[in-house]
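One is the number of the first residue; the rest follow in order along the sequence.
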Amino acid sequence: MTAEGRAPTRFTDYERPGEHSNFYNEVKIWEVARATSAATSFFAPMEITHAGEPRRFLDAGIGSNNPINELYLEAMSQFDKSEEEFDKQIRVLVSIGTGRPALHGFGEKVTEVAKSIASIATETQDTANTFHLTHRKLANRGGYFRFNPPDLSEVAIDESSKKGIIASRTDTYGNDAHTLEMVERWVAVAGFEKSASTLAESIEMIDFT
């Protein structure tokens, strides 16, 4: 999100309606990656200057930590369809969660950070649940999958030294019978492209949260 307006920003590799600035045409991929990872209290805002325009960006963790709605609305706007019509066009939408961080503070930072982490963890799954409920037909026909690793409550957001725990539990989750069954259904729905023309017939989206 922009540091000035605190509004979610969608970086795309195509021109969007109403986008009159050349700023987005010149932004580099590494700058976008850096901007999306500029988590408040961990990293400084990312300053990007292109087309004579200086802008500052922050990670949109609070409010858009699960960007599935931003992804959905952006894709729907490109096809000029109603929500019901658009859902029928989606072949498969995959949402990948990052597990649940500890809901407590760390280091010298206490109240504010603890509240922020709790908000991020709660908002991410709540958003996934709400999307599932509001797009039930899409989910019921196997067009929406949500993969989210197990609870990682004892790993604080700044404890990179515990990455072994994260890897181990994610592996266990990946080998769980229910997860494997979901993967099989996902693969069956996704299929394989035979020609570029099929891209015009269906849409496949992946949302990382």
Side-chain angles (χ1 to χ4, degrees), residues 8 10-14 29 32-33 36-37 60-61 63-103 119-155 157 162-209:
R10 304 173 192 169
F11 288 97
T12 64
D13 62 354
Y14 51 84
I29 292 177
V32 175
T36 63
S37 61
S64 295
N65 200 50
N66 182 341
I68 193 167
N69 288 313
E70 292 294 329
L71 172 72
Y72 183 87
L73 291 173
E74 176 62 28
M76 187 167 66
S77 71
Q78 297 303 308
F79 287 85
D80 191 27
K81 300 282 186 179
S82 68
E83 185 174 299
E84 185 174 351
E85 290 175 321
F86 182 62
D87 278 7
K88 292 178 180 178
Q89 281 193 280
I90 298 174
R91 180 168 53 190
V92 60
L93 193 162
V94 182
S95 177
I96 302 176
T98 56
R100 297 182 180 182
L103 304 184
S119 297
I120 289 173
T122 303
E123 183 270 331
T124 297
Q125 194 55 44
D126 284 351
T127 299
N129 292 340
T130 300
F131 186 89
H132 187 119
L133 292 173
T134 54
H135 298 270
R136 192 181 294 274
K137 288 183 178 179
L138 175 65
N140 287 345
R141 70 168 172 82
Y144 170 69
F145 293 89
R146 168 72 173 174
F147 296 95
N148 199 22
D151 180 51
L152 300 169
S153 58
E154 75 267 39
V155 182
I157 198 169
K162 294 185 177 180
K163 58 181 177 289
I165 295 177
I166 298 173
S168 177
R169 294 195 180 176
T170 301
D171 283 345
T172 299
Y173 172 76
N175 290 317
D176 179 80
H178 178 64
T179 305
L180 291 173
E181 189 269 336
M182 280 203 301
V183 171
E184 289 178 357
R185 286 193 288 114
W186 167 28
V187 172
V189 172
F192 298 93
E193 296 296 349
K194 294 183 179 180
S195 67
S197 63
T198 57
L199 293 175
E201 300 173 3
S202 59
I203 309 162
E204 181 168 357
M205 302 188 291
I206 297 183
D207 156 53
F208 292 92
T209 63

Between atom [atom1] of [X] and atom [atom2] of [Y], what is the distance when rounded to the nearest 0.5 Å?
{"X": "His132", "Y": "Tyr144", "atom1": "NE2", "atom2": "OH", "answer": "7.5 Å"}
{"X": "Arg141", "Y": "Arg91", "atom1": "CZ", "atom2": "CZ", "answer": "10.5 Å"}
{"X": "Lys81", "Y": "Ile90", "atom1": "NZ", "atom2": "CD1", "answer": "12.5 Å"}
{"X": "Arg146", "Y": "Leu93", "atom1": "CZ", "atom2": "CG", "answer": "11.0 Å"}
{"X": "Lys162", "Y": "Arg169", "atom1": "NZ", "atom2": "CZ", "answer": "9.5 Å"}
{"X": "Asp13", "Y": "Ile29", "atom1": "CG", "atom2": "CD1", "answer": "8.0 Å"}

**Request:** Using distance alone, with no hydrogens and no angle criterion, decide if Asp87 and Tyr72 have a side-chain donor and acceptor under 3.5 Å apart.
**Result:** yes

**Item:** Other residues, nucleotides, ligands: >12 heavy atoms within 6.0 Å of Leu133 CG
**Value:** yes

**Asked** Taking atom NZ of Lys137 as the centre, does the number of heavy atoms from other residues, nucleotides or ligands within less than 6.0 Å exceed 12?
**Response** no

**Request:** Kindly give the heavy-atom pair with the smallest separation between Ser95 and Ile68, and that separation in Å.
**Result:** CB-CD1, 4.2 Å

**Request:** Work out which heavy atom in Arg10 is nearest to a heavy atom in Leu73; give both atom names and the distance.
**Result:** NH2-CB, 3.7 Å

**Parallel, tilted or perpendicular: rings of Trp186 and Phe145 (30°, 60°)** = tilted

**Request:** Check the angle between the aromatic planes of Phe79 and Phe86 and answer parallel, tilted or perpendicular using the 30° and 60° thresholds.
**Result:** tilted

**Request:** Not counting sequence neighbours, which residues clear salt bridge (charged side-chain N to carboxylate O under 4.0 Å, His left out) with Glu181? List them please.
**Result:** Arg185

**Item:** Partner residues of Thr134 under the side-chain contact (heavy atoms from CB on, under 4.5 Å) criterion, sequence neighbours left out
**Value:** Thr130

**Prompt:** Is there a donor-acceptor pair under 3.5 Å between the side chain of Tyr173 and the backbone N or O of Asn148?
**Reply:** yes

**Message:** Could you check whether any side-chain N or O of Thr127 sits under 3.5 Å from a backbone N or O of Asn66, counting only pairs where one atom can act as donor and the other as acceptor?
**Reply:** no

